[in-house]
Structures are given as structure tokens and as C-alpha cells.
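A short worksheet on the structure shown next.
Keep in mind it's a predicted model, so treat the numbers as computed, not measured. One-based numbering along the sequence shown. Order of appearance sets the numbers: ligands from 1, and atoms from 1 within every ligand.
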Amino acid sequence: MKNTQIVVVGGGAGGLELVTRLGAKYGRSQHDILLVERNLTHIWKPLLHEVAAGSLDANLDEVGYRSHCHRWGYRFFYGAMESIDRAARAIVIAPLIDEDGRELIGRHRTGYDYLVIATGSITNDFGTPGVVQNCLFLDDRTQADRFRNKLLNHCLRASRALSENPQADAFVRIAIVGAGATGVELAAELYNAASALRYYGLEVFDESRLKVTLIEAGPRILPALPERLADAAREELEALGVRILTATRVMSVSPEWIQTQNGESIAADLKVWAAGVRGADYLNSIGDLETTPSCQLVVRPTLQTTRDDRIFALGDCCYCVLPGSDRPVPPRAQAAHQMASTVFHNLGRLMRGKPLRAYTYTDRGSLVSLSRYSTVGSLMGNLVGGRMAIEGRLARFVYMSLYRMHLLAIHGWLRGMALILIGHVARILRPRLKLH
Ligand SMILES: Cc1cc2nc3c(=O)[nH]c(=O)nc-3n(C[C@H](O)[C@H](O)[C@H](O)COP(=O)(O)OP(=O)(O)OC[C@H]3O[C@@H](n4cnc5c(N)ncnc54)[C@H](O)[C@@H]3O)c2cc1C
């Protein structure tokens with residue numbers, strides 16, 4: 001008898017946890033579990049601002065899919081899904097092109113009995129002119145590496161100018177659009193990285209040479225956090241030197257400037273856009289599934305797509321409004337983690353002909369790391385019986401726990417704990433910055 005084929009597209013925060021569990025339970029004998037992923041390695045997305053600033057070496061934290069699948073009993077296919085043929089129950093994978101532009105593997109199809117789409121999100125530029133051409137994004141490792149290389153080049157240029165003339169007007173000007181967690185965390189991390197550069201050959205450069213402007217259209221930074229904590233984060237950032245503009249909408253971006261609605265032109269060497277997320281364009285009506293105007297797949301509480309019981313979607317790429325709520329589940333790593341668990345159980349129930357369970361979102365709270373300077377956040381739900389504001393060491397510990405939980409989910413307890421331990425040791429032994 002043919003094995004049931006379960007295809008998961010996207011091996012990120014949610015997808016990789018799901019294939020790990022499916023592989024461990026069904027993979028080696030009962031069913032064929034296939035992960036289709038457009039990258040060869042996984043890095044947990046909430047770490048990308050640290051990769052961008054250089055304070056985290058992604059090579060040490062990334063997970064290679066090929067070795068991971070061997071250990072956990074699923075198959076890995078390197079490629080990007082571009083469409084779905086629902087009638088034939090197959091996905092179409094785009095041609096794989098090598099570095100020289102030659103086709104390695106042509107466009108082809110892979111059949112499925114059950115399909116899970118976990119392809120994440122991309123940054124939403126809201127159609128603002130000039131953003132795509134002139135801004136950097138933090139959607140994946142390549143973009144984070146690109147930002148770091150550009151940042152280092154600008155720091156080097158400023159450092160050179162200062163060593164020739166200590167009075168030189170040499171600054172690295174960075175504008176970050178969007179003061180949610182990503183923008184705020186990146187701003188703080190940049191100061192942490194800049195303060196370490198003097199130990200690595202840029203003797204005359206320090207954090208006073210950074211000019212970071214954080215631009216937010218809403219009335220305050222960190223809208224997901226209680227006002228008191230957002231104010232604490234604002235004070236911390238301003239003490240570092242960040243200029244914060246709230247209620248400031250960006251109208252356009254040029255190679256040199258960011259133009260705001262208030263008529264100000266903000267000069268910036270590096271411009272980062274971190275102002276919200278949406279699904280990738282190819283998801284728009286993919287396989288004639290229901291999608292939102294921002295290209296997210298609409299799902300029912302069981303996380304099945306509205307037009308096909310065999311197709312699930314989870315994480316940032318899905319649009320899930322739960323009964324009793326008028327807002328969709330937010331695009332967060334904790335939601336992707338919880339959804340992966342629901343889809344795992346529901347696939348089992350679907351295959352056994354049992355009724356599926358509804359997903360419930362448990363908001364564990366929001367935490368924002370201001371690098372080594374501070375961590376602020378609020379814990380929610382059953383854990384503390386309501387909402388509790390936390391700061392400092394406790395907040396840092398809980399913030400780090402999110403990543404530790406992901407490591408345990410994708411490596412198992414024994415390996416996961418060993419890797420957490422190795423991570424601690426490496427943090428002590430390795431250089432504070434990745435400079436290449
Ligand atoms: C800088 C930053 C900081 C963040 N901090 C936090 C935080 O502190 N807490 C929190 O809860 N959330 C945070 N988030 C949000 C969090 O990272 C996302 O909500 C989470 O990663 C979503 O998980 P996912 O599985 O849906 O998608 P992802 O983790 O983005 O994974 C999607 C995967 O799909 C792959 N893929 C995409 N398209 C295709 C295709 N066509 N074919 C094959 N593969 C494809 C991608 O390569 C990727 O591996 C942060 C995000 C960023 C950028």
C-alpha cells in the first residue's frame with residue numbers, strides 16, 4: 001500500500017517544529033513526510049536583528065536541513081513552491097538555479113495527500129514609493145547578512161575619516177521605519193555592536209558615531225506592550241542616542257532621504273523597513289484558495305484552509321480569526337509554535353477519521369530585548385493569571401526561553417539542552433562581533 005504523503009512547505013519557526021514531530025512519529029515507516037524549503041539551513045527568524053548587527057554569528061546557530069531530516073525521519077527537498085494544482089493534489093516547485101545562473105533541477109511537481117503551508121511572511125511596504133529600491137529588510141538570513149556588510153563598510157569609512165581628521169563630521173546615519181519589536185530591537189542592537197567595534201580594529205569609532213532615527217506612524221513605539229513598558233523602552237533608546245519620531249508617516253524613500261508626511265527629509269546611509277508583514281505575492285489566490293488582500297491564506301479554527309480540507313496553513317502566512325475575536329492571531333513565533341502543535345494533532349485525527357480540534361491562541365505575552373541594555377515585556381495568560389509587566393533579568397531570561405523552547409522542539413530534550421549549554425560556552429569564548 002502507498003504511504004500517505006504529507007508535504008510541509010517552509011521549514012521556519014512553525015514548519016520545522018511540525019516536520020520534526022511528524023518525522024519522529026510517522027516518518028520512518030508509516031508515512032512519507034516531505035519538507036520543501038527554499039533555503040539549505042534554518043535560522044530562527046527572531047534572531048535576525050542580531051545577525052544584522054553582527055552580535056550573532058548565524059553560522060553557529062543555524063540548522064542544516066539535510067542532517068536534521070536524516071535524524072528525525074523526514075525527507076528534505078531544496079526548492080521553492082510556486083503554485084498548487086489542487087485537482088491533481090500536487091505542488092509545483094520552481095526551477096532550482098545555481099550561482100552561475102544554470103538550471104540545476106527543472107520545474108517539477110510533487111504529489112501530496114495532505115499539504116501544510118508554513119511559508120512565513122515578508123515585510124509590508126504598503127506600496128510606499130522607493131521602499132523596495134532603497135530600503136533593506138530583515139526577512140531572511142541573506143538580507144540580514146547584507147545589512148551587516150553594509151553597516152561594517154559605513155563604520156569603516158567613518159573610522160577612516162576620523163583617523164585622518166579627528167574633527168571630521170563622520171557619522172553612520174541609519175533610519176529604521178517601524179517601531180514594533182523588530183525596529184526597536186535592531187536600534188538597540190546597533191549601539192551594542194558599535195560599542196564593540198573599537199576592539200576589532202576600528203579604534204577611533206564608537207557608538208557616539210551612530211545616528212539612528214526610529215520612525216513610527218502610530219502614536220507610540222511598541223504598540224503590543226503596555227504604555228509604561230513602551231515608555232521605559234523609549235527612555236532607554238533615547239539615552240543611547242536614538243532619535244524617535246512617532247505619529248510620523250513615511251511618504252517616499254530615495255537613495256539619500258526618507259521623506260515624511262510632516263515635510264521632513266531624513267538623510268540616511270542605511271534605511272531599514274520593518275513596518276509590518278504580509279504574505280508573499282505568489283500566495284495570492286494560490287490553487288484558488290481564499291486569501292486576504294495582504295496575501296495571507298484564510299484558515300478555519302482547525303487551521304484547514306477554507307476551500308480545501310486537505311490543505312492546512314500555519315504561522316505568519318495564515319489569516320486566522322478565532323471565534324469570539326475580531327482580530328486575527330498575530331504573526332508571532334509563539335503563534336507559529338502553537339499552530340504547529342495543533343496541525344500535528346489534527347493531521348493525525350484527519351487520517352484516523354476523527355473530528356478535528358480548534359486551535360486556541362494562548363498569548364504568553366510580548367518581550368522586547370534592548371540588547372545588553374535592558375529587556376522589557378509583559379507576561380500573560382495562565383502562566384501568571386493575567387498580565388504582568390516584567391523588566392530586567394527576569395524579562396531577559398523569559399525572552400531567551402522562547403528560543404530555548406524552539407531548540408528543544410527541533411532537537412529533542414537531550415540534544416537541545418546540550419546545544420543550549422554549548423551556546424552559553426560559545427558566547428563566552430567567541431568574539432563579541434561577527435565582522436565578515
Ligand atoms: C527581527 C525579527 C524579530 C522578531 N522577534 C520576535 C519575537 O521576539 N517574538 C515573536 O514571537 N516573534 C518575533 N518575530 C516574528 C517571528 O519571527 C515570526 O512570527 C515567525 O518566524 C513566523 O514563523 P513561520 O513558521 O510562520 O515563518 P518563518 O519562521 O518565517 O519560516 C518560513 C519559512 O518558509 C520558507 N519559505 C518561504 N517561502 C517559501 C517557498 N515558496 N517555498 C519553500 N519555502 C519557503 C522560508 O525560507 C522560511 O524558512 C520576529 C521577526 C523578526 C524579523
Legend entry - Polar contact flag for Pro331 and ligand 1 (N/O pairs, less than 3.5 Å): yes
Inset, instruction - Could you verify whether a donor N or O on one side chain and an acceptor N or O on the other, from Arg38 and Thr119, lie under 3.5 Å apart? - result: no
Inset, instruction - Check if Trp44 has a non-hydrogen atom at a distance under 4.0 Å from any atom of ligand 1. - result: no
Inset, instruction - Would you please test Arg146 and Asp140 for salt bridge (Lys or Arg N to Asp or Glu O under 4.0 Å) and show each step? - result: CA-CA 10 Å; Arg146 190 159 161 250; Asp140 57 35; over 6 Å; no
Legend entry - N or O pair under 3.5 Å between Tyr282 and ligand 1: yes
Inset, instruction - May I ask you to check whether Phe77 and His108 place their ring centres under 6.0 Å from each other? - result: yes
Inset, instruction - With heavy atoms only and a cut-off of under 4.0 Å, state how Leu186 meets ligand 1: side chain, backbone, both or neither. - result: neither
Legend entry - Numbering as shown, the atoms of ligand 1 that approach Val36 to under 4.0 Å (heavy-atom distance): 43 (C), 44 (N)
Inset, instruction - Keeping the roles fixed (side chain from Asp139, backbone from Thr123), state whether a donor-acceptor pair exists under 3.5 Å. - result: yes
Legend entry - Ion pair Asp125/Arg278, N-O distance below 4.0 Å: no
Inset, instruction - Can you pull out the closest protein heavy atom to atom 26 (O) of ligand 1? Residue, atom name and distance to 0.1 Å, please. - result: Asp316 N, 2.9 Å
Legend entry - Minimum-distance protein heavy atom relative to atom 8 (O) of ligand 1: Tyr399 CE1, 3.9 Å
Inset, instruction - Check whether any N or O atom of Leu402, backbone or side chain, sits under 3.5 Å from an N or O atom of ligand 1, and answer yes or no. - result: no
Legend entry - For Gln334, the ligand 1 atoms whose distance to one of its heavy atoms is below 4.0 Å: 11 (O)
Inset, instruction - Mind checking whether Pro46 contacts ligand 1 via backbone (N, CA, C, O), side chain (CB onward), both or neither, at a 4.0 Å heavy-atom cut-off? - result: both
Inset, instruction - Within a distance under 4.0 Å of any heavy atom of Ala336, pick out the atoms of ligand 1 and give their elements. - result: 23 (O)
Legend entry - Short N or O distance, Gly14 and ligand 1, threshold 3.5 Å exclusive: yes
Inset, instruction - Return the minimal non-hydrogen interatomic distance between Ala274 and Thr182, and the atom names on each side. - result: CB-CG2, 4.1 Å
Inset, instruction - Flag yes if more than 12 heavy atoms outside Arg357 fall under 6.0 Å of its CZ atom; otherwise flag no. - result: no
Inset, instruction - Run the salt-bridge test on Asp145 and Arg148 with the 4.0 Å N-O cut-off and return the result as yes or no. - result: yes
Inset, instruction - Could you see which bit of Asn39 sits under 4.0 Å from ligand 1, with heavy atoms only: side chain, backbone, both or neither? - result: side chain
Inset, instruction - Could you tell me whether ligand 1 has any atom less than 4.0 Å away from a heavy atom of Ala181? - result: no
Inset, instruction - Decide if atom CG of Leu414 counts as having more than 12 heavy atoms of other residues, nucleotides or ligands within a radius under 6.0 Å. - result: no
Legend entry - Minimum-distance protein heavy atom relative to atom 34 (O) of ligand 1: Gly10 CA, 3.3 Å
Legend entry - atom 36 (N) of ligand 1 - nearest protein heavy atom and its distance: Arg38 NE, 3.6 Å
Legend entry - Option set Ala333, Ala118, Gly79, Ser369, criterion heavy-atom distance to atom 12 (N) of ligand 1, minimum: Ala333
Inset, instruction - Count the heavy atoms of every other residue, nucleotide or ligand shown that sit under 6.0 Å from NE2 of His70, and state whether that count exceeds 12. - result: no
Legend entry - Residue Arg310 excluded, over 12 heavy atoms near CZ under 6.0 Å: yes
Legend entry - atom 52 (C) of ligand 1 - nearest protein heavy atom and its distance: Thr182 OG1, 3.7 Å
Legend entry - Proximal ligand 1 atoms for Gly315, defined as those under 4.0 Å from one of its heavy atoms: 26 (O)
Inset, instruction - Provide, to 0.1 Å, the distance between atom 53 (C) of ligand 1 and the closest protein heavy atom, together with that atom's residue and name. - result: Leu138 O, 3.5 Å
Inset, instruction - Can you pull out the closest protein heavy atom to atom 47 (O) of ligand 1? Residue, atom name and distance to 0.1 Å, please. - result: Glu37 OE2, 2.7 Å
Inset, instruction - Distance to 0.1 Å, residue and atom name: give those for the protein heavy atom nearest to atom 29 (O) of ligand 1. - result: Ala13 N, 3.0 Å
Legend entry - Test of ring centre spacing under 6.0 Å for Tyr74 and His68: yes
Inset, instruction - Assess whether atom CZ of Arg249 is packed by more than 12 heavy atoms of other residues, nucleotides or ligands within 6.0 Å. - result: no
Inset, instruction - Indicate yes or no: does an N/O atom of Met81 lie under 3.5 Å from an N/O atom of ligand 1? - result: yes
Inset, instruction - Work out which heavy atom in Gln5 is nearest to a heavy atom in Asp113; give both atom names and the distance. - result: N-OD2, 2.6 Å
Legend entry - Contacting atoms of ligand 1, where contact means under 4.0 angstrom from a heavy atom of Val9: 42 (N), 43 (C)
